[in-house]
Amino acid sequence: MVISDHVNIDQFMAGLVRRNPGETEFHQAVFEVASNVFDFIRNKEVYHEMQILRRIAEPDRIISFRVCWTDRDGNIRVNRGYRVQNSNAIGPYKGGLRFAPTVNQSVLKFLAFEQTFKNSLTGLPLGGGKGGSDFNPKGKTDNEIMYFCQSFMTELYRHIGDDIDVPAGDIGVGAREIGYLFGQYKRLSNRFSGVLTGKGLEFGGSPIRKEATGYGVVYIMQDMLARCNESIEGKTCLVSGSGNVSTYTVEKLIDLGGNVVTMSDSSGFIYDKNGIDAGKLEYIIDLKTNRRGRISEYADEYGVPFYQNERPWRVPGDLVLPCATQNELSEAEAETLIKNGCMAVAEGANMPVEQEGVQKFIDADVLFAPSKAANAGGVAISGLEMTQNSIRRTWAKDEVHESLRKIMHDIHEQCVEYGTQTGSDRIDYVKGANIAGFLKVADAMVAYGVV
Ligand code: NDP
Ligand code: 2IT
């Protein structure tokens, strides 16, 4: 007799919630995938028999560890570090590290779960993982950051490796942190290997990696619009965040003729109705990466309004690109954006739009590229960085950039293939990305048997 998981989605979710109490972000991410996949596999017995979804939603392992370090005043500080290794069905675990006080197991499990499908969509041999710490980098000196990174890596290094698990950056982890982490890995292991991505160009980094996520978000937006005979040129664009993903999203939007009027950080947003141009963006990059300043300084510099503790979504705009963090755009804000005439959304951050908000956009026929498709350009170029490291050469910038463009286009096409609605030419990109991402991982798992 076949014992299958022929349960309905409510029963499936009830079990997941019971096994993972209080992990609301994780529940949200699994529900989003499961609601599409359940429908798709209704008549595909093998995925039920092998309990594929149940198994992908249980991480291979979660490593949690103490990170001690000493601050500038000599106080001993204790943080918690994690690595969630979700699935290595199609390649080594791969995904970023996040340093932020909001980090907890639920957030990292949602991110590792999402990463598994995102990485599959890239077409590269990459499994899914995520890690980080509740360490708050804000206001810390360079030395404090370095000591923290060294202590964090002193535990993490025994769990990672170029064929095992390859971390990268995420919120609060950029070029500076990757440098410190890689330096410590090299010191502890006495190996120079591609164990982290997003490295400096001098020590194995890839051209275009720092730009890749943001450029990729705009490329998928461009492809969605092109399918409807539209373009970015002349459109008013609302962007949130002012970190790595946001800045290169804005750079590419400007390049393609978009008029970007908002950017933000966790303290509020600026509204520049004349548009952020290349010169103003240079100011933001210097402000954020070199001076580690706040977006409110832009308002002083250019004489535009700054709205403290507010998010940009009440500003009217055509294209919406949330690039800061999860659940930063609510259902009510989605309704406001729709009322104000927005035509397309591309999620630069991971799961920035709340579940009910996503449904509002889809129901209103707003083009909607979900994060696992829209922001996959970053990890895709990380995958190419791993390839360059293992063959010990660096490809030219143009070559890598062309690969990014092609990978994003392929992701768009996979969404079209699996997200086309019967009897309509509308594409449900959420459904398309979930199913296309699921299939490759699921088929690999079927091939391995019960492991
Ligand atoms: P950064 O640390 O470079 O920038 C994060 C930005 O988001 C900052 O402006 C930050 O403001 C803002 N932000 C962070 N937390 C909050 C919050 N709770 N509320 C409002 N604003 C907030 O990170 P990234 O740009 O790398 O990452 C941004 C998003 O993109 C994340 O969701 C990440 O998972 C995702 N992503 C990143 C990739 C990458 O390659 N880096 C790849 C794919 C996805 P402040 O400075 O005030 O904290
Ligand atoms: O969410 C993400 O895709 C990332 N933070 C990038 C992961 C990576 O390994 O480059």
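Just follow the structure's listing: the first ligand is 1, and inside any ligand the first atom is 1. Numbers for residues simply follow the sequence, beginning at 1.
- At distances below 3.5 Å, at least one donor-acceptor pair connects side-chain atoms of Glu177 with backbone N or O atoms of Gly174.
- Arg314 has its side chain out of reach of Glu333: every pair of non-hydrogen atoms, C-beta onward, lies at least 4.5 Å apart.
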Quick one: side chains of residues 275-287, donor-acceptor pairs under 3.5 Å with protein atoms, not counting sequence neighbours, listed by atom name and distance.
{"residue": "Asp277", "atom": "OD1", "partner": "Gly279", "partner atom": "N", "Å": "3.2"}
{"residue": "Asp277", "atom": "OD1", "partner": "Lys280", "partner atom": "N", "Å": "2.8"}
{"residue": "Lys280", "atom": "NZ", "partner": "Asp272", "partner atom": "OD2", "Å": "2.9"}
{"residue": "Lys280", "atom": "NZ", "partner": "Gly275", "partner atom": "O", "Å": "3.1"}
{"residue": "Tyr283", "atom": "OH", "partner": "Glu297", "partner atom": "O", "Å": "3.4"}
{"residue": "Asp286", "atom": "OD1", "partner": "Asn290", "partner atom": "ND2", "Å": "2.7"}
{"residue": "Asp286", "atom": "OD2", "partner": "Arg291", "partner atom": "NE", "Å": "3.3"}

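- For Lys360, the salt bridge (charged side-chain N to carboxylate O under 4.0 Å, His left out) criterion is met by Glu331, Glu335, not counting sequence neighbours.
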Evaluate salt bridge (Lys or Arg N to Asp or Glu O under 4.0 Å) for Glu114 paired with Lys372, printing each intermediate quantity in order. CA-CA 7 Å; Glu114 284 286 294; Lys372 62 173 70 66; 3.3 Å; yes
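- Gly96 N, 3.6 Å is the protein heavy atom nearest to atom 7 (C) of ligand 2.
- Here's the thing with Val166: none of its N/O atoms is less than 3.5 angstrom from an N/O atom of ligand 2.
- Of all atoms in ligand 2, listed by their number and element, those nearer than 4.0 Å to a heavy atom of Ala168 are 8 (C), 9 (O), 10 (O).
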Kindly print each ligand 1 N/O atom paired with any protein N/O atom under 3.5 angstrom away, one pair per line, or none if nothing qualifies.
{"residue": "ligand 1", "atom": "2 (O)", "partner": "Gly172", "partner atom": "N", "Å": "3.0"}
{"residue": "ligand 1", "atom": "3 (O)", "partner": "Asn244", "partner atom": "N", "Å": "2.9"}
{"residue": "ligand 1", "atom": "9 (O)", "partner": "Ser242", "partner atom": "N", "Å": "2.9"}
{"residue": "ligand 1", "atom": "9 (O)", "partner": "Ser242", "partner atom": "OG", "Å": "3.3"}
{"residue": "ligand 1", "atom": "11 (O)", "partner": "Ser266", "partner atom": "N", "Å": "3.4"}
{"residue": "ligand 1", "atom": "25 (O)", "partner": "Asn244", "partner atom": "N", "Å": "3.2"}
{"residue": "ligand 1", "atom": "25 (O)", "partner": "Val245", "partner atom": "N", "Å": "2.9"}
{"residue": "ligand 1", "atom": "32 (O)", "partner": "Asn350", "partner atom": "N", "Å": "3.1"}
{"residue": "ligand 1", "atom": "34 (O)", "partner": "Arg98", "partner atom": "NH2", "Å": "3.0"}
{"residue": "ligand 1", "atom": "34 (O)", "partner": "Asp170", "partner atom": "OD1", "Å": "2.6"}
{"residue": "ligand 1", "atom": "34 (O)", "partner": "Asp170", "partner atom": "OD2", "Å": "3.2"}
{"residue": "ligand 1", "atom": "34 (O)", "partner": "Asn350", "partner atom": "ND2", "Å": "2.8"}
{"residue": "ligand 1", "atom": "40 (O)", "partner": "Arg209", "partner atom": "NH1", "Å": "3.4"}
{"residue": "ligand 1", "atom": "40 (O)", "partner": "Arg209", "partner atom": "NH2", "Å": "2.9"}
{"residue": "ligand 1", "atom": "40 (O)", "partner": "Thr213", "partner atom": "OG1", "Å": "2.9"}
{"residue": "ligand 1", "atom": "46 (O)", "partner": "Arg294", "partner atom": "NH1", "Å": "3.4"}
{"residue": "ligand 1", "atom": "47 (O)", "partner": "Ser266", "partner atom": "N", "Å": "2.9"}
{"residue": "ligand 1", "atom": "47 (O)", "partner": "Ser266", "partner atom": "OG", "Å": "2.4"}
{"residue": "ligand 1", "atom": "47 (O)", "partner": "Arg294", "partner atom": "NH1", "Å": "3.2"}
{"residue": "ligand 1", "atom": "47 (O)", "partner": "Arg294", "partner atom": "NH2", "Å": "2.7"}
{"residue": "ligand 1", "atom": "48 (O)", "partner": "Lys138", "partner atom": "NZ", "Å": "2.9"}

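- Of the protein's non-hydrogen atoms, the one nearest atom 9 (O) of ligand 2 is Lys94 NZ, 2.6 Å.
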For Glu144 and Arg72, what are the C-alpha separation, side-chain angles and deciding distance, and is it a salt bridge (Lys or Arg N to Asp or Glu O under 4.0 Å)? CA-CA 7 Å; Glu144 287 175 323; Arg72 69 194 99 160; 3.1 Å; yes
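- Atom 6 (C) of ligand 2 has its nearest heavy-atom neighbour, among Arg209, Lys372, Lys130, Lys118, in Arg209.
- A cation-pi arrangement, defined by a distance under 6.0 Å to the six-membered ring centre and an angle within 45 degrees of its axis, is absent between Arg80 and Phe135.
- Using a 4.0 Å cut-off to heavy atoms of Ser382, the atoms of ligand 2 that qualify are 8 (C), 9 (O), 10 (O).
- When non-hydrogen atoms are compared, ligand 2 lies under 4.0 Å from the side chain of Asn350 (C-beta onward) but not from its backbone.
- Taking a 4.0 Å cut-off on heavy atoms, Ser371 fails to register as neighbouring ligand 2.
- Using a 4.5 Å heavy-atom cutoff, the side chains of Asn350 and Lys130 are in contact.
- Taking CD of Glu356 as the reference point, atom OG of Ser330 lies at 9.5 Å (rounded to 0.5 Å).
- Partners of Lys235 by salt bridge (charged side-chain N to carboxylate O under 4.0 Å, His left out), not counting sequence neighbours, listed by chain and number: Glu230.
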